[in-house]
Amino acid sequence: MKIHLVGIGGGHPDQITVQAVGKLREVDVFLVADKGASVGDLGDARAEILRRHVPGDYRVVAVPDPERDRKPSDYGTAVLDWHDARARAYEKVLLGLDPSATVGFLVWGDPALYDSTIRVIERVRDFGTLDIDYDVTPGISSVSMLAAAHRLVLNRIGGPITITTGRALGSDVAAGADNVVVMLDGHLACRALVGEDRWGIHWGANLGTVDEKLVSGRLDECIDEIDRVRAELKRQHGWVMDTYLLRAGAEPAQ
Ligand SMILES: C[S@@+](CC[C@H](N)C(=O)[O-])C[C@H]1O[C@@H](n2cnc3c(N)ncnc32)[C@H](O)[C@@H]1O
């Protein structure tokens, strides 16, 4: 069975590569994780990408997403258990399809960045019940969108960038990271750095969509506005996704 994992960018139908469109057009059946009402109009963004770019016939099969333990005692094990449950759910649906069908997964942003689809498909392959041949098409990640929206070069000249999560921000900063892109941060973990008076922030939410919001400046001065804009987006759309660059130094982005 042929499977295409296709990076579709962050929500805007224009932010998808020509290569990705070519792959989408080869697909007979798209599998999408059904996350219930929690994703609000995110599902509409995916549907619009297909409507705009795939003129031929295709089917979309929603696969109910397994429950996830949001407050696990061991985060790593909980994620692996969840990948396993997801892999089993996909395996069940794939086994019911014609083996000659080409299957597609629409992967938010770039499949290489904080996304489980590659790992889950590897796991399905490991089960040994399906003959799977898959490929990966890169997408425009939210990190690229953030940088473009703020007209940023993410690294200082010749310097490193740390890309991390809200969960790990505190330990990464304690370990010396001072030029940090933060993703997967549901609670604005950067608030813990307010008062240090050394951080600038470039924040972006729902990047690439018509409701994109940007805030930048000194962290201490911007944090309340970011909190307010974030809450407002969530109220309006049922979802908010944000990514930000934190950089220590005199100016927000030097
Ligand atoms: C599960 S990760 C997926 C990342 C994705 N693979 C990528 O390349 O951007 C979800 C996180 O990506 C970021 N993200 C994804 N889409 C975004 C968007 N449109 N605007 C801002 N951040 C976004 C947020 O940090 C969010 O918590």
Side-chain angles (χ1 to χ4, degrees), residues 4-17 19-20 23 32-36 38-49 65-66 68 70 75-76 78-80 82-83 86 104-121 136-152 154 161-169 172 180-191 201-216 222 226-227 229-234 236-246:
H4 295 321
L5 309 190
V6 185
I8 56 166
H12 194 287
D14 287 351
Q15 255 172 357
I16 182 165
T17 68
Q19 185 187 28
K23 292 289 180 183
V32 296
D34 180 0
K35 295 170 191 264
S38 64
V39 294
D41 56 14
L42 244 173
D44 298 348
R46 288 204 178 100
E48 175 61 14
I49 283 171
D65 220 26
R68 188 166 168 188
R70 293 278 164 194
Y75 182 75
V79 171
L80 288 180
W82 181 65
H83 285 176
R86 233 183 185 189
F105 286 82
L106 306 176
V107 181
W108 203 252
D110 185 346
L113 205 54
Y114 291 111
D115 186 273
S116 60
T117 315
I118 293 176
R119 292 194 179 107
V120 170
I121 293 300
V136 178
T137 306
I140 296 173
S141 76
S142 46
V143 178
S144 300
M145 289 195 287
L146 177 80
H150 284 285
R151 297 184 294 183
L152 289 172
L154 290 175
I161 321 162
T162 302
I163 301 181
T164 192
T165 62
R167 180 183 291 269
L169 176 63
D172 287 330
V180 191
V181 173
V182 185
M183 304 174 72
L184 285 169
D185 183 2
H187 305 283
L188 284 182
C190 57
R191 198 175 261 291
I201 186 167
H202 281 86
W203 177 85
N206 297 14
L207 292 158
T209 73
V210 288
D211 300 299
E212 172 174 297
K213 295 282 184 277
L214 304 173
V215 176
S216 63
C222 295
I226 291 172
D227 222 356
V229 175
R230 208 177 176 283
E232 178 64 14
L233 278 175
K234 180 138 197 196
Q236 278 173 0
H237 302 286
W239 65 283
V240 57
M241 286 210 272
D242 55 346
T243 300
Y244 53 93
L245 173 75
L246 282 174

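One-based numbering, in listed order, for ligands and for the atoms of each.
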Leu154 and Ile163: CA distance, side-chain angles, deciding distance, side chain to side chain contact (heavy atoms under 4.5 Å, CB included) verdict: CA-CA 10 Å; Leu154 290 175; Ile163 301 181; over 6 Å; no
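- For atom 24 (C) of ligand 1, the nearest protein heavy atom (residue, atom name, distance) is Asp242 O, 3.2 Å.
- Asp110 N, 2.8 Å is the protein heavy atom nearest to atom 8 (O) of ligand 1.
- Here the protein heavy atom with the shortest distance to atom 21 (C) of ligand 1 is Met241 O, 3.0 Å.
- Residue Asn206 touches ligand 1 through its backbone alone, judged by heavy-atom distances below 4.0 Å.
- Residues His237 and Asp211 bring a donor and an acceptor atom of their side chains to less than 3.5 Å of each other.
- The closest non-hydrogen atom to atom 23 (C) of ligand 1, taken over Ser142, Ser141, Gly186, Gly9, comes from Ser142.
- Residue contact check: Met183 has heavy atoms under 4.0 Å from atoms 4 (C), 9 (O), 12 (O), 13 (C), 25 (O) of ligand 1.
- The Gly10 neighbourhood of ligand 1 comprises atoms 19 (N), with distances under 4.0 Å to a heavy atom of that residue.
- Atoms of ligand 1 found under 4.0 Å from any heavy atom of Leu113, numbered from 1 in the order shown, are 3 (C), 4 (C), 5 (C), 6 (N), 8 (O).
- Under the rule for a side-chain hydrogen bond (donor to acceptor under 3.5 Å, both in side chains), Thr162 has no partner lying at least two apart in sequence or in another chain.
- Under the 3.5 Å distance criterion, with hydrogens and angles disregarded, no donor-acceptor pair is assigned to the side chains of Trp108 and Asp115.
- Within a 6.0 Å radius of NZ in Lys234, other residues, nucleotides and ligands contribute 12 heavy atoms or fewer.
- Partners of Leu184 according to the side-chain contact (heavy atoms from CB on, under 4.5 Å) rule, which considers only residues two or more places apart in sequence or in another chain, are Tyr114, Thr165.
- Inter-residue side-chain proximity for His150 and Leu245 is flagged as unmet; no heavy-atom pair is nearer than 4.5 Å.
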Evaluation steps, side chain to side chain contact (heavy atoms under 4.5 Å, CB included), between Lys213 and Asn206: CA-CA 7 Å; Lys213 295 282 184 277; Asn206 297 14; over 6 Å; no
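- In terms of protein heavy-atom proximity, atom 5 (C) of ligand 1 is closest to Trp108 O, 3.3 Å.
- Checking only distances, Leu207 does come within under 3.5 Å of ligand 1, N or O to N or O.
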Evaluation steps, side chain to side chain contact (heavy atoms under 4.5 Å, CB included), between Tyr244 and Asp185: CA-CA 9 Å; Tyr244 53 93; Asp185 183 2; 2.4 Å; yes
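- Here the protein heavy atom with the shortest distance to atom 22 (N) of ligand 1 is Thr243 OG1, 2.8 Å.
- Among the atoms of Tyr114, none of the N or O lies under 3.5 angstrom from an N or O of ligand 1.
- Looking at ligand 1, you'll find an N or O of Leu184 within less than 3.5 Å of one of its N or O atoms.
- Within a 6.0 Å radius of CZ in Arg191, more than 12 heavy atoms belonging to other residues, nucleotides or ligands are found.
- Using a 4.0 Å cut-off between heavy atoms, Val107 makes no contact with ligand 1 at all.
- At under 3.5 Å, not a single nitrogen or oxygen of Asp115, backbone or side chain, sits near a nitrogen or oxygen of ligand 1.
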